[in-house]
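Accompanying notes for the structure given below.
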Amino acid sequence: MARQHARTLWYDRPKYVFMEFCVEDSTDVHVLIEDHRIVFSCKNADGVELYNEIEFYAKVNSKPVWLSVDFDNWRDWEGDEEVELAHVEHYAELLKKVSTKRPPPAMDDLDDDSDSADATSN
C-alpha cells in the first residue's frame with residue numbers, strides 16, 4: 001500500500017510558523033524536526049501510512065515534539081491592537097480616578113451622643 005500525505009494546516013506569525021498534521025486516531029506517530037526540514041509519519045485508523053516531509057527555506061530552531069498549541073484557548077491577536085489600546089486607556093482612566101487625591105469626607109455628622117440615644121430608644 002502506498003503512503004499518503006496527511007492533511008496539513010499551517011500559518012505564520014512574525015517569529016513563528018505553526019503546522020498541524022490532521023490525522024484522527026493516529027498511531028505510530030513520529031515527528032523529526034531538523035534544522036532545515038520536518039518529517040511527520042503515522043498510521044491512521046484504517047492502517048494507512050501517512051508521511052509528510054517539508055523542507056524549510058531557512059534554518060529553524062526546533063522545539064520539543066511534546067510541545068503543542070492549545071487551540072481551545074487560542075486567540076488570534078491580529079487586528080486586536082485597537083481593542084487592546086481601548087482596554088489600556090480604560091484602565092489608565094480608572095487608575096487616574098482612584099489615585100486622584102481628594103480631601104477626606106467630612107465626619108462632623110457622626111456624633112457619639114446620637115448613637116447612644118438610638119441604642120437607648122430601641
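All residue numbers in this chain count up from 1 along the given sequence. Just so it is clear, the values below take in all heavy atoms, side chains as well, and ignore hydrogens, waters and symmetry mates. In this text the structure is predicted, and so the values were computed from the model without any measurement.
The closest donor-acceptor contact from the side chain of N52 to the backbone of A6 lies under 3.5 Å. A side-chain donor-acceptor contact under 3.5 Å links N44 to the backbone of D46. With hydrogens and angles ignored, the 3.5 Å screen pairs no side-chain donor or acceptor of T27 with any backbone N or O of D25.
With 3.5 Å as the limit, one finds a donor-acceptor pair spanning the side chains of Y51 and E53.
For R7, the CZ atom sits in a loose shell: 12 or fewer heavy atoms of surrounding residues, nucleotides or ligands are nearer than 6.0 Å.
The distance from the CG atom of L9 to the CE atom of M19 is 11.5 Å, given to the nearest 0.5 Å. Atoms CD and CD, on Q4 and E49 in that order, are 10.0 Å from each other to the nearest 0.5 Å. For the atom pair S41 OG and D28 CG, the distance stands at 8.0 Å (nearest 0.5 Å). The CD1 atom of I54 sits 11.5 Å away from atom CZ of R37, with the distance rounded to the nearest 0.5 Å. Here the straight-line distance linking atom NZ of K43 with atom NE2 of H30 works out to 9.0 Å at 0.5 Å rounding.
Across all non-hydrogen atoms, the minimal contact from V60 to E34 is CG2-O, 3.5 Å.
Between V17 and Y57 there is no side-chain heavy-atom pair separated by less than 4.5 Å.
Residues I33 and W10 are members of one and the same hydrophobic cluster, defined by side-chain heavy-atom contacts under 4.5 angstrom among Ile, Leu, Val, Met, Phe, Trp and Tyr.
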